[in-house]
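What follows is a short report on a single structure.
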Amino acid sequence: MTELFFEPPSPPAPMPLDAPLGPIGTLRVLRKNPIETWTKAHFELPILIGPTILGTIAVINDPAAIRRVFVENAGNYRKDALQKRILGQGLSEGLLEAEGDDWRMQRRTLAPLFTPKTVNSFSRAFAAAAAEHVARWGRMREGRMIDVRPEMGRVTLDVLGRTIFSDGLGQDLDQFVAATSDYFASVGRLDIFDLLDFPDWVPRWGKIGNRDGEKFFASVVDTIVAKRKRLLASDKETVPRDILTLLLEAQDPQTGSGLSDTEVRANILTFIAAGHETTANALTWSLFLLSLSEEWRQRLAAEADAVLPGPVEEYPARLVETRAVIEEAMRLYPPVASMSRQAIGPDDLAGKRIRKNSLVIVSQWVLHRHRLLWDKPNSFDPRRFLPGAREKIDRFSYLPFGAGPRVCIGASFSLQEASIILAYIMRSFSLELKENHVVKPVQRITLRPDGGLPMILRRR
Ligand code: HEM
């Protein structure tokens with residue numbers, strides 16, 4: 001790492017390349033770790049456009065051009081086929097993958113599930129999952145080594161279990177956690193056949209094993225949905241007001257029609273797929289970055305002491321520094337490290353012509369560390385996100401949750417959830433990175449520490 005790119009002390013990141021790789025090298029690195037394909041020029045220029053092995057690609061880092069793609073001219077850009085292939089069949093009828101009128105109908109119908117009022121009504125579930133998680137760690141011996149990544153996956157899945165199916169998964173949490181992680185680990189790997197746009201009927205080796213995972217999910221979810229429908233039909237008064245009930249009752253405000261069974265199931269899978277690993281990684285990176293900063297560990301512990309266990313409704317407004325750390329962690333290690341769109345027709349972005357069918361990429365990994373947009377871009381400094389400084393960040397320079405009509409529907413859900421979980425952890429524990437462990441970020445749908453994050457559990 002040279003001083004040119006990484007002002008010391010900077011948390012780990014691959015050194016950008018001096019020049020782009022050749023076609024074979026690009027494919028190899030894309031499969032291994034896409035964030036290693038970026039060159040220094042990507043971190044310095046507002047737009048780079050050119051032919052690649054995957055067709056013409058424009059990588060944009062200019063906030064005005066990003067606003068044009070995601071908001072002003074959003075109708076000219078659609079989600080590309082590659083993204084859909086990576087995420088798999090199970091989600092194809094859900095909000096994340098829907099397009100056109102189908103997407104508009106689903107977004108209108110699902111919006112009430114994620115209003116601030118509904119999300120606030122979940123705070124209790126967030127706090128209960130966090131308290132149970134911390135109690136579990138409390139039963140472990142002092143100095144024990146834990147892998148923080150699956151631990152955070154466990155707690156965020158528990159939150160989704162409590163908020164989607166509040167009367168229980170009807171399954172052992174450990175079994176569900178194991179099946180989820182197997183399923184999404186294989187779904188999330190870039191397949192060379194996907195990259196080269198081979199037709200869908202060509203088998204993808206990495207995905208052959210995950211059919212069992214897909215079937216397991218479908219069967220658990222179908223059983224729960226059928227049970228809830230019976231309850232809704234027989235005794236409406238006692239039905240829990242969780243996401244499942246809201247999904248079954250949801251109506252399109254324009255037409256009054258509800259979601260089909262397939263759409264209900266696809267959206268449950270979508271919420272788990274989109275909300276589980278992403279939030280778990282935001283928490284994992286926050287804990288890693290906190291292990292590097294005595295100052296911020298102390299600040300968060302003090303904030304947690306002051307706020308918990310007060311009234312749950314006040315947590316979101318009062319966990320200000322905790323939230324700043326999570327936002328800074330998502331800047332340096334964005335759980336969703338890139339987004340892509342295909343241009344339906346030509347356009348002009350940042351002074352360059354975009355041709356029909358070009359792929360437009362906005363990489364949060366690059367954007368959030370871009371030298372034209374951030375001061376000391378590679379340093380960990382949560383002050384950027386404290387009130388007073390936060391408002392000065394351009395809306396289109398910081399996109400952990402995307403932007404425009406397709407912005408993450410679960411953004412405030414996950415920010416509240418993550419703040420509450422982190423505060424519970426910081427109130428009771430201080431985590432140290434295992435000595436000599438080398439942390440390496442790797443992009444596999446979500447951005448995670450390669451090989452997990454071994455840390456030593458210390459009580460405060
Ligand atoms: C830290 C946590 C999370 C991050 C970083 C994240 C990030 C994102 C991003 C970047 C997008 C836009 C993708 C694009 O435009 O190509 C997105 C969309 C979406 N997210 Fe999240 N997400 C998180 C948590 C959640 C949660 C908790 C849920 C649900 C419970 C969720 C559900 C969705 C859905 C359904 C979409 C598609 C929205 C649409 O196309 O209308 N996400 N998310």
Side-chain angles (χ1 to χ4, degrees), residues 66 69-71 74 77-80 82-84 86-87 91-100 102-111 113-114 118-119 122 125-126 129 152-153 155-165 242-244 246-247 263 266-286 323 326-342 359-365 367-368 396 398-422 443 445-448:
I66 297 174
V69 172
F70 284 87
V71 183
Y77 295 92
R78 64 164 167 247
K79 293 204 170 185
D80 62 286
L82 178 61
Q83 247 184 73
K84 294 187 182 173
I86 295 169
L87 290 173
L91 310 187
S92 58
E93 309 275 334
L95 182 66
L96 188 65
E97 294 196 8
E99 284 286 356
D102 183 30
W103 169 78
R104 268 183 287 279
M105 179 282 287
Q106 289 212 24
R107 185 88 194 195
R108 283 194 304 265
T109 312
L110 295 174
L113 276 66
F114 293 93
T118 319
V119 172
F122 297 140
F126 301 155
M152 293 301 100
V155 64
T156 57
L157 198 57
D158 187 15
V159 163
L160 286 166
R162 287 168 195 260
T163 49
I164 301 177
F165 325 103
D242 54 14
I243 290 182
L244 178 54
L246 297 175
L247 266 172
E263 286 165 342
N267 278 303
I268 289 173
L269 282 180
T270 297
F271 297 158
I272 296 173
H276 159 233
E277 290 243 339
T278 43
T279 314
N281 284 317
L283 280 161
T284 301
W285 290 115
S286 300
R323 191 184 167 113
I326 295 166
E327 294 209 279
E328 174 70 342
M330 289 197 296
R331 183 185 70 81
L332 284 168
Y333 298 105
V336 175
S338 68
M339 298 179 290
S340 49
R341 295 290 190 269
Q342 191 170 24
L359 198 62
V360 173
I361 294 192
V362 173
S363 160
Q364 289 92 332
W365 174 264
L367 183 74
H368 292 179
F396 294 88
Y398 179 66
L399 299 176
F401 296 107
R406 297 210 71 147
V407 69
C408 177
I409 202 167
S412 49
F413 180 109
S414 64
L415 269 175
Q416 272 202 39
E417 169 194 1
S419 307
I420 292 176
I421 294 169
L422 188 58
Q443 184 182 355
I445 297 196
T446 53
L447 188 81
R448 55 182 72 171

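Just so you know, ligand 1 is whichever comes first in the structure, and atom 1 is the first atom listed for that ligand. Note that the structure is a prediction, hence the values are computed from the model and not measured. Counting from 1, the numbers follow the sequence of the chain as shown.
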Heavy-atom contacts with W103 under 4.0 Å: which atoms of ligand 1 show up? List them by number with element. 39 (C), 40 (O), 41 (O)

Would you mind finding which of F122, F401, F114 brings a heavy atom closest to atom 9 (C) of ligand 1? F401

Going by heavy-atom distance to atom 42 (N) of ligand 1, choose the closest among G410, A337, C408. C408

Are any of the N/O atoms in R406 less than 3.5 Å from those in ligand 1? yes

Which ligand 1 atoms are under 4.0 Å away from a heavy-atom of G402? 10 (C)

In terms of heavy-atom contacts, I361 and S340 come closest through CG1-CB, 4.2 Å

Under the side chain to side chain contact (heavy atoms under 4.5 Å, CB included) rule, what do Q364 and M339 come out as? Steps first, then yes or no, please. CA-CA 8 Å; Q364 289 92 332; M339 298 179 290; 3.4 Å; yes

Go through it in stages, so that I can follow the logic: the residues are V159 and I421, the test is side chain to side chain contact (heavy atoms under 4.5 Å, CB included), and I'd like the CA-CA distance, side-chain angles, deciding distance and then a yes or no. CA-CA 10 Å; V159 163; I421 294 169; 4.2 Å; yes

Trace of the side chain to side chain contact (heavy atoms under 4.5 Å, CB included) decision for L367 with I66: CA-CA 10 Å; L367 183 74; I66 297 174; 3.6 Å; yes

Check whether any heavy atom of H276 sits under 4.0 Å from an atom of ligand 1. no

Determine the interplanar angle of the F122 and F413 rings, folded into 0 to 90°, and report it as parallel if under 30°, tilted if 30 to 60°, perpendicular if over 60°. perpendicular

Residue-level breakdown please: for R341 versus ligand 1, do any non-hydrogen atoms fall below 4.0 Å on the side chain, on the backbone, on both, or on neither? side chain

Heavy-atom contacts under 4.0 Å between P400 and ligand 1: side chain, backbone, both, or neither? backbone

Closer than 4.0 Å to some heavy atom of L96 - which atoms of ligand 1 meet that? 18 (C), 19 (C), 36 (C), 37 (C)

Under a 4.0 angstrom heavy-atom cut-off, which atoms of ligand 1 come close to F413? 27 (C)

Would L110 and L246 count as a side chain to side chain contact (heavy atoms under 4.5 Å, CB included) if you check the C-alpha gap in whole Å, the side-chain angles of each, and the deciding distance to 0.1 Å? CA-CA 9 Å; L110 295 174; L246 297 175; over 6 Å; no

Between M339 and ligand 1, which residue portion shows a heavy-atom distance shorter than 4.0 Å: side chain, backbone, both, or neither? side chain

Who's closest to atom 26 (C) of ligand 1 heavy-atom-wise, of A280, G275, A273, A74? G275

Determine, using heavy atoms of E97 and all atoms of ligand 1, whether some pair is separated by less than 4.0 Å. no

I need the contact type for Q106 against ligand 1. Using non-hydrogen atoms and a strict under-4.0 Å cut-off, is it side chain, backbone, both or neither? neither

Side-chain (R331) to main-chain (H368) donor-acceptor, under 3.5 angstrom: yes

Has the side chain of D242 got a donor or acceptor atom that lies under 3.5 Å from a matching backbone atom of R162? no

Does any N/O atom on T278 come nearer than 3.5 Å to any N/O atom on ligand 1? no

Hey, is the main chain of H276 close enough, under 3.5 Å, to the side chain of T279 for a donor-acceptor pair? no

Check each of A111, G94, A274, A329 against atom 25 (C) of ligand 1 and report the one with the nearest heavy atom. A274

Against heavy atoms of S414, which atoms of ligand 1 measure under 4.0 Å? 1 (C), 2 (C), 24 (C), 27 (C)

Mind checking side chain to side chain contact (heavy atoms under 4.5 Å, CB included) for T446 and listing every partner two or more places apart, or none if nothing turns up? E277, T278, N281, R448

Quick one: does any side-chain atom of T270 pair with a main-chain N or O of A266 as donor and acceptor, under 3.5 Å? yes

Using a 4.0 Å cut-off to any heavy atom of V336, which atoms of ligand 1 qualify? 7 (C), 10 (C)

